[in-house]
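Proteins get letters first, then strands, A, B, ... in listed order; numbering begins at 1 in each.
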There are 2 protein chains.
Amino acid sequence: MSADEQIGSAREAAEDELVVTFGRLLGVANRLEFLVGRALEQECGISHLMYEVLLILGRAGGPGLAMSAIGRAQVLTTGGVTRLIDRMEAAGLVERADDPADRRGRLVRLTPLGEQTAVRATVLHRDNLRHLLADQLPAEHWDRFAEDLRVLSRAVAKEVPRLR
Amino acid sequence: MSADEQIGSAREAAEDELVVTFGRLLGVANRLEFLVGRALEQECGISHLMYEVLLILGRAGGPGLAMSAIGRAQVLTTGGVTRLIDRMEAAGLVERADDPADRRGRLVRLTPLGEQTAVRATVLHRDNLRHLLADQLPAEHWDRFAEDLRVLSRAVAKEVPRLR
DNA sequence: GAACAATAACTGAGCAGTCAGGTATCTGGG
DNA sequence: CCCAGATACCTGACTGCTCAGTTATTGTTC
């Protein structure tokens with residue numbers, strides 16, 4: 001037992017393997033989001049959250065996505081989505097249209113500028129991630145890691161309720 | 001190729017393996033933080049960030065930790081640390097003392113209530129994490145996952161500058 | 001088909017962080 | 001020794017979210 005693992009009530013309670021791993025998971029996620037978010041901000045003028053929204057809108061294509069779908073994909077309240085889309089619309093990245101199938105709803109879709117920005121941002125983002133991460137683990141570790149993460153992602157998503 | 005993987009400029013640019021994995025990493029982290037954060041809030045009256053601070057203060061022990069060390073451990077500006085510790089001090093979880101070795105600095109340490117809360121929160125937190133995660137992956141996957149995460153954590157931490 | 005609950009999006013108020021700028025203290029070179 | 005620059009923390013103004021409450025529309029039940 002090393003010097004910084006001595007006994008202490010708060011200390012010993014904390015040193016649970018899962019708790020520590022979880023702390024690291026959040027730490028890695030926070031720091032990576034900081035790093036790539038800063039780059040996206042500077043090079044493309046968008047936050048990382050906006051980038052994620054550009055991606056899911058790009059995947060959705062067609063007539064667009066409901067606000068509520070965006071709130072479920074990212075973890076946001078409806079108020080948060082409204083304001084996020086407000087800013088993205090003001091920046092010319094997306095546009096809102098009435099949903100012909102439900103007059104309460106709005107459909108959000110990419111503008112040409114939004115699509116263009118998504119492509120530009122992805123190139124930057126991908127290079128950034130490769131530079132930060134690719135050499136840190138051997139390729140087969142990455143494959144396993146990605147697969148495990150996929151499993152976790154599905155499991156955890158089910159536990160999160162829809163936010164209002 | 002399935003229906004939702006058709007060609008499209010924003011779409012094809014996005015489907016980079018690393019970008020998708022990164023998105024999932026952040027998604028899992030966000031959702032888990034939401035779930036365990038909500039439980040901590042309800043049961044112990046603290047945010048997950050406060051919990052992390054209680055942990056590192058518990059590990060540090062002794063005369064306490066400088067504000068700047070807290071800002072480095074979590075990714076926070078000095079202003080953010082000041083306000084976070086303000087709230088924690090108001091809640092009686094920590095206390096500030098002058099640093100005898102540097103009259104600019106303050107040392108932050110746990111109060112008895114803070115130590116007690118750290119223990120109580122950890123029990124809850126650990127059980128929550130087990131319930132959410134333990135059965136999702138076989139044990140040896142967890143070991144590999146935790147180890148890879150440890151490597152990533154060290155690599156990424158070096159890239160994040162100190163915030164002001 | 002009228003009443004009632006549920007749902008989609010929006011809004012005002014509040015809160016937790018950032019950013020930029022301030023003061024007090026420390027440190028190292030001339 | 002002293003002064004310039006770095007460092008530690010704090011503060012005012014701002015931002016981006018949440019929360020709770022509102023309106024408009026949809027689905028449901030009798």
Side-chain angles (χ1 to χ4, degrees), chain A residues 26 30-31 33-35 37-38 40-42 45-53 63-91 94-109 160-164, chain B residues 26 30-31 33-35 37-38 40-42 45-53 63-91 93-108 160-164:
Chain A
L26 261 57
N30 271 341
R31 287 174 169 83
E33 183 166 26
F34 173 86
L35 290 169
R38 192 178 52 169
L40 284 170
E41 204 89 51
Q42 289 174 353
I46 59 175
S47 67
H48 177 260
L49 181 54
M50 287 183 184
Y51 173 68
E52 293 284 347
V53 172
L65 230 50
M67 305 281 280
S68 53
I70 296 171
R72 234 170 293 129
Q74 305 302 313
V75 182
L76 286 176
T77 60
T78 70
V81 175
T82 295
R83 277 148 180 152
L84 175 62
I85 299 301
D86 282 350
R87 292 195 304 280
M88 293 182 72
E89 197 169 26
V94 302
E95 55 193 4
R96 275 186 255 229
D98 292 332
D99 183 346
D102 184 342
R103 288 200 297 170
R104 295 166 300 180
R106 322 287 315 270
L107 294 178
V108 185
R109 61 166 175 253
V160 179
R162 295 179 195 169
L163 304 188
R164 284 182 333 116
Chain B
L26 261 57
N30 270 341
R31 288 174 168 85
E33 183 166 25
F34 173 85
L35 291 169
R38 191 179 52 168
L40 284 171
E41 205 87 52
Q42 288 174 354
I46 60 175
S47 66
H48 178 259
L49 181 54
M50 287 183 184
Y51 173 68
E52 293 284 346
V53 172
L65 231 50
M67 306 280 280
S68 52
I70 297 170
R72 234 169 293 128
Q74 305 301 312
V75 183
L76 287 176
T77 60
T78 70
V81 175
T82 294
R83 280 153 178 150
L84 175 62
I85 299 300
D86 283 349
R87 290 195 305 280
M88 292 181 73
E89 198 169 25
L93 299 168
V94 302
E95 56 193 3
R96 275 185 257 229
D98 292 333
D99 183 346
D102 183 343
R103 288 201 295 169
R104 297 167 300 181
R106 322 290 313 271
L107 296 177
V108 185
V160 179
R162 295 183 195 166
L163 304 188
R164 284 182 331 116

For this session: Could you check which of C:dC10, C:dC26, C:dT18 has an atom nearest any side-chain atom of B:Arg103?
Result: C:dC26
Which atom pairs link the protein and nucleotides 6-8 of chain C when you take only N or O atoms and keep those under 3.5 Å?
residue, atom, partner, partner atom, Å
C:dT7, O2, A:Arg104, NH1, 2.5

For this session: Give the rounded distance in Å between these two atoms: CG of B:Leu76 and P of C:dC15.
Result: 19 Å
For this session: To the nearest Å, give me how far apart CD (A:Gln74) and P (D:dT18) are.
Result: 11 Å
Seminar exercise, completed: DNA chain C nearest-nucleotide lookup for B:Val81 and A:Val81: closer to the 5′ end is A:Val81
Problem set entry | Heavy-atom closest contact (B:Arg164 atom, B:Thr77 atom, distance) | C-CB, 3.8 Å
Problem set entry | Separation between CZ of B:Arg83 and CG of B:Leu76, rounded to the nearest 0.5 Å | 12.0 Å
For this session: Please report, rounded to the nearest Å, how far the C1' atom of C:dT11 is from the CG atom of A:Leu84.
Result: 16 Å
For this session: Take the protein atom CD1 of B:Ile85 and the nucleotide atom C1' of D:dC9, then report the distance between them rounded to whole Å.
Result: 12 Å
For this session: Measure from CG on B:Asp99 to P on D:dC10 and round the result to the nearest Å.
Result: 12 Å
Problem set entry | Sugar-phosphate, base or nothing in reach of A:Val75, heavy atoms under 4.0 Å | sugar-phosphate
For this session: Could you grab the distance from atom NE2 of A:His48 to atom CZ of A:Arg38, nearest 0.5 Å is fine?
Result: 14.5 Å
Exercise. Where do A:Leu163 and A:Val75 come nearest, in terms of heavy atoms and distance?
Worked result: CD1-CG1, 3.7 Å
Exercise. Taking N and O atoms by type only, does the side chain of A:Thr77 place a donor or acceptor under 3.5 Å from a partner on the base of D:dC17?
Worked result: no
Exercise. Nearest-Å distance, CZ (A:Phe34) to P (C:dG17)?
Worked result: 15 Å
Problem set entry | Phosphate OP1/OP2 of D:dT7 contacted by B:Arg164 side-chain N/O (<4.0 Å) | no
Problem set entry | Any donor-acceptor N/O pair under 3.5 Å between C:dT18 base and B:Arg83 side chain | yes
Exercise. If you measure from CD on A:Glu52 to CG on B:Leu26, what distance do you get to the nearest 0.5 Å?
Worked result: 7.0 Å
Exercise. What residues form a side chain to side chain donor-acceptor pair (under 3.5 Å) with A:Arg96, not counting sequence neighbours?
Worked result: A:Asp86, A:Glu89
For this session: Measure the CZ-CG distance between A:Arg72 and A:Leu65 for me, rounded to the nearest 0.5 Å.
Result: 9.0 Å
